[in-house]
Structures are given as C-alpha cells and as structure tokens.
Protein chains: 2
Amino acid sequence: MTKFNRSVERSMKIIEVISGSGVTSLAFLADQTGLPKATILRICATLVKQRWLTQSRSDSRYRIGPSFPRLSATPDSVDAIIDAGKSEIVALTESTGLAVDLAVSIGNGRVEIVDTTRHFIQHGIFPDTIGYRPSPFRSALGSAFLAALDAEELTTYSTKLAENTRGKDREAAMNFPKRLLEVRKNGFASREEAYWGRAVDYGGTPSAIGVAIQADKKALGAMSLVWLAEKRTVASVVEAHLDQLSMAAVSIGQQLS
Amino acid sequence: MTKFNRSVERSMKIIEVISGSGVTSLAFLADQTGLPKATILRICATLVKQRWLTQSRSDSRYRIGPSFPRLSATPDSVDAIIDAGKSEIVALTESTGLAVDLAVSIGNGRVEIVDTTRHFIQHGIFPDTIGYRPSPFRSALGSAFLAALDAEELTTYSTKLAENTRGKDREAAMNFPKRLLEVRKNGFASREEAYWGRAVDYGGTPSAIGVAIQADKKALGAMSLVWLAEKRTVASVVEAHLDQLSMAAVSIGQQLS
DNA sequence: CATATACATTCCACCTGGTGAAACGCATGC
DNA sequence: GCATGCGTTTCACCAGGTGGAATGTATATG
C-alpha cells in the first residue's frame, strides 16, 4: 500500500481554507484546520517563500500569492516586480519614514497594488491595500502609470477607461490630458486632493506622490509614497523625497531588463 | 528564524512541473525535480487522494485534478461598485450608527468584502474584513447575494458550492432552499446565529442583515449592516434601518446601470 | 498614556513520520 | 526470449517535523 504524506495533506488543507475564505489570519487557519499554530506557521512560511501565498506586512495575514499555479498564466514580470520591489520599498520607507505602495499593470491601463509598507501605527493610514486597484485618473499610482505609457497605448486605453467611468471619475477623465502634461513635466503624479477611493480611507485621507516603473522604456507598474494628508504638504515631500522615490523606481526597472 | 517544511517544498515543485507541462509521468517528474521516485510517488498519491491531481487509468500519468483551487480573476465591475458604494456606505453608517460592509461578486456564487465602515464604530466588531470571503450559506452577505441570483445561475452555483464545503457549511448548504425562500420573502438575509466568521476570539458575536446589489436585474454584490449581537436584536434593526439599507443598495445599483 | 488582550512568533525536547536505495513486477519492443 | 524502462513496494534508519509553552507585538479602550 502506498503511504501518504501528512505534511502535504496539511498544506492542502491550509491552501483550501485560504483560497475559500480570502484573506485569513493564522488564528483563523488554526481554528478551521484544527492544527497547532506552530505547524501552520511553518507550512505557511514555506508557501510564502515560493510566493504561493503572500503575507501582509502590517498584520501578517495570508492570501493567495502571485506564483500560485493558475490556469491562465500571469506574466512573469508581475512576479519579478514584486520580488525586486520588496527590498526597495522597505528601504524607501526606512529612509523617508513614509509608507510606500507598489503596483503592477493589469493590462487595461490600470494597476493593482501588490505590496505595501503601510503600517497603521506608524503612518496613520489604512494599511490593508493589497489587491486594490486605484483610480487611473485620480490616484497617484494610476496616473503615474498612465503618463508613462507610450502614445499608442495611451490612446487605446484612456478612451476605453473614460467610457466605463461615471461621476467624479468621469470628470477626472475629461481633465486628464491637462494632468498628463503636468505629470510628465514634474516627473511625478500626485493624488487628487481630498480624493478618497474607499470608505476605509474616509476620515484619514491620504496624500501620495507616484512614479512609474519601467523596463526597456515599457511601463510595467508604479510606486508611490503615501502619508496622512494633514501631516505634510505634497510640496514638502517632493522637496525632501522625490529623488529617492524616482531612484528606487529606476532601480526596480533595471532589475527587470 | 522560522523553519520551512521540506515535504511542502517538494510538493510545490512537483505541482509546478505538472501545471507547467500538462500531463506528466513519474519518470519525467523525477528527472525535472531531481527527487527519488518513491518520494514523488508518495506525494503524488497524497495529491491524487484529495483530487488536486488525477491519474490516468491506463498509464498512470498525472495531470491537474478537479479539486485543485482555481482562482477567479477580479472583474472590472469591482472598481465601479467600490466607487459607487463608498459614499453610500459612509452615509448609511452616519445615519444608522451601525457598521456597513460592501461585497462584490467574484464568480462561482461567492462574494468578497471590498470596503467597510467598521473602523468608524467604537467597541467595534472585528475590524479587518477587507478581502474576506464570507460563507455563501451562513453569512448575511453571502446568502443575500445567492438569493438574488436568477434560477439558472443559482442551480449551477449552489450544487457546485455544496460539493466543496465541509462541516457546518455543508449543513447550511443542505438547508439553504428553505432559507432562500425566507430571504426572498423578507427582503433581506441575516447571519446564521452560530456563524463566527473569521475572528476566532475577538470581542462579541456580530449580527448582520444583508441585501443584494443589482444592476439591470443582475446581482453584482451585496451590502450589510453589522452590529454586536448583544446590543440589539435583528428585529429592531430591521424595523429601524432595513429601508435605508435597501435604498442604499438600489441607489448603488442605479449608478451602475 | 497605561493597561488589557488577542494574535503572531520563537523555542526546544521528543519521537514519529518521512526517506530513498534496492528489490520487485509488469509491460513493451527488438 | 531477453533487454529495457517504467511504476510500485519494501524496510531499516534517523533527519525532520512536531506542538505545548514561553515570549514578542500590535491594537483597543478608559
């Protein structure tokens, strides 16, 4: 009789819970699987190492990661950016004292946040942003990315994006050509003032400046510095940290080419 | 330093080869991974047992099986709902004094929470809910959404969902037809009493009532009012706030059509 | 600002479950 | 009939995994 492997059984059980429940804490996994937390921690650490899972920096909860095998393959560049970006964004947070978001292109002119150093205690803003897709026209990440696309991509995407937007987003879409010139001139994009993308941002509204991440002149993602709007002005952050932000973006880009 | 689990590492390697190469023989796996055949055999037997892999009868080669977790890609409509929903849920929290969760469909009859006002409420219920996928049968959000699907969708999903659930969820799945009628009659879904959601030991038990969000008669998500069970009864919240909740859901739906 | 609490993480003595080389069995094809 | 290549089983050995308890850390509340 062929024997079975207990550790593998356990890891499957864990993955099934995470895949079924979305974001999950260690305690929740322990409750659902009946396994000791220490055991789950080791298995999850192994899965995280290969990026089958990712672990939130702020509260260390788990979710399915970018390398988990899918039917429809994600481009390797996504994984590469996450990998290259990990140490860069941590370093950038250390040197600036501000939170950093990292986002990758999802193919229709928009980006999705894949990693962040946001920490509630330290930065005072809502930390749980992974998986969120910021507005292409009003957010720092979205417009930094759009502005870095070449003319051809830009026209295809921006008309299509504008069609599907409503309300204030639509207004922002109309004004985007103007904004675009500014972003390109300044070398960064900033979040539209008083813009809050989700209810969780309401109250502690963040400010942000973003730049695109490019490899071989192709825009692949964006990253941004984020802080509580009431604490500092955009101008002062630009003055103090824009060059570091840009350098980090270039450095990530170089690791991809 | 956290230790890693070797067996889990090996099983990942094996799955990645199979997922990358399609149908795969034991010898090929041994060649690609450098592991002894006996080891691979045991791991694959474990994976086959849980149907993450299937083994062809004739030549015993492996391929990805029916129970391997499949991830549904996030549809673009998600962004529109978040955008339309954010001010509605803030307003709803302000007028009712209760927390509000907003969830969107992620396919297969399930929803994922994408925005919340739980932070605004003192003595709150477990606050970190974004990314969580509530039970389709036991939670207010999940069953409100299911009940709003048309007959065809409902039958496809609910049988598939029932297959993949275990334990208490399975029980709830069996009783769902009865529950469904009630939800449709009442115009809202409530959380099953014993359903604990994701927090293991945190605070008190939450109660919730949920309604679906629809555009052009198509269910796109759900939203719910959440409060501490010990503070108010479901009946009193329904009496006082159900109409506001329903109106908010309709209003979000209208912005999407 | 201090205190309480729910979690995550680390530690380490114990010992079971996994290991893999070798033997076996069974096709297929020369 | 014999050789070859594959999947499968066996079993003595011991590295690797285990899990209860201790420690560390973040958040909530008065």
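Nothing here was measured: the structure is a model prediction, and the numbers come from that model. Reminder, nothing fancy here: chain letters follow the sequence lines and each chain counts from 1.
Scored by the salt bridge (Lys or Arg N to Asp or Glu O under 4.0 Å) test, Arg51(A) finds Asp79(A), Asp83(A) as partners (sequence neighbours excluded). For the side-chain hydrogen bond (donor to acceptor under 3.5 Å, both in side chains) test, residues two or more places apart in sequence or in another chain that qualify with Thr116(A) are Asp101(A). Checked against salt bridge (Lys or Arg N to Asp or Glu O under 4.0 Å), Arg179(B) has no partners two or more places apart in sequence or in another chain. Shown here are the ring-ring contact (aromatic ring centres under 6.0 Å, His included) partners of Phe188(A), two or more places apart in sequence or in another chain: there are none. Lys86(A) pairs by the salt bridge (Lys or Arg N to Asp or Glu O under 4.0 Å) definition with nothing, not counting sequence neighbours. The side chain to side chain contact (heavy atoms under 4.5 Å, CB included) test applied to Ala249(B) returns Val211(B), Ile213(B), Met223(B), not counting sequence neighbours. With sequence neighbours excluded, no residue forms a salt bridge (Lys or Arg N to Asp or Glu O under 4.0 Å) with Glu230(A).
Here the side chain of Arg133(B) pairs no donor or acceptor atom with the backbone of Val23(A) at under 3.5 angstrom. The main-chain N or O of Met12(B) is never found under 3.5 Å from a side-chain atom of Trp52(A) such that the two would form a donor-acceptor pair.
Sorted pairs that involve residues 89-117 of chain B and meet ring-ring contact (aromatic ring centres under 6.0 Å, His included), not counting sequence neighbours, are lacking altogether.
Nearest-nucleotide assignment on DNA chain D puts the 5′-proximal partner with Ser25(B), out of Asp59(A) and Ser25(B). In terms of position on DNA chain D, the residue among Pro127(A) and Ile43(A) whose nearest nucleotide sits closer to the 5' end is Ile43(A). Mapping Ser60(A) and Ser7(A) onto DNA chain C via the closest heavy atom, the residue that lands nearer the 5' end is Ser60(A).
When heavy atoms are screened at a 4.0 angstrom cut-off, Gln55(A) is found touching the sugar-phosphate backbone but no base atom.
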Quick one: side chains of residues 196-207 of chain A, donor-acceptor pairs under 3.5 Å with protein atoms, not counting sequence neighbours, listed by atom name and distance.
residue: Arg198(A); atom: NH1; partner: Val114(B); partner atom: O; Å: 3.4
residue: Arg198(A); atom: NH2; partner: Asp128(A); partner atom: O; Å: 3.3

What nitrogen or oxygen pairs link the protein and nucleotides 28-30 of chain C at under 3.5 Å?
none

Enumerate the protein-to-nucleotides 19-21 of chain D contacts in which both atoms are nitrogen or oxygen and the separation is below 3.5 Å.
residue: dG19(D); atom: OP2; partner: Arg10(A); partner atom: NH1; Å: 3.1
residue: dG19(D); atom: OP2; partner: Thr39(A); partner atom: OG1; Å: 3.0
residue: dG19(D); atom: N7; partner: Arg42(A); partner atom: NH1; Å: 3.4
residue: dG19(D); atom: N7; partner: Arg42(A); partner atom: NH2; Å: 3.0
residue: dG19(D); atom: O6; partner: Arg42(A); partner atom: NH1; Å: 3.0

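Taking the side chain of His119(A) as heavy atoms from C-beta on, and the options dT9(C), dT27(D), dT8(D), the nearest nucleotide is dT27(D).
As rounded to whole Å, 12 Å separates atom P of dT18(D) from atom CD of Glu9(A). To the nearest angstrom, P of dT27(D) lies 13 Å from CD1 of Ile125(A). Here dT9(D) presents its C1' atom at 10 Å from NZ of Lys3(A), a figure rounded to the nearest Å. Put simply, CZ on Phe28(B) is 17 Å from C1' on dG7(D), counting in whole angstrom units. In this structure, Lys37(B) atom NZ and dT10(D) atom P are separated by 17 Å, rounded to whole Å. Summarising the geometry, the separation between CG on Leu41(B) and C1' on dG20(C) is reported as 12 Å, rounded to the nearest angstrom. Rounded to whole Å, atom P of dT8(D) lies 13 Å from atom CZ of Arg61(B). One atom, CG of Asp31(B), and another, P of dG7(D), lie 12 Å apart when rounded to the nearest Å.
Between its opening and closing five pairs, the helix from dC1(C)-dG30(D) to dC30(C)-dG1(D) changes axis direction by 50°, a value rounded to 10 degrees.
In this model, the phosphate group of dG17(D) is not approached by any side-chain N or O of Asn5(A) to a distance below 4.0 Å at OP1 or OP2.
With values rounded to the nearest 0.5 angstrom, Arg118(A) atom CZ is found 4.5 Å from Ile125(A) atom CD1.
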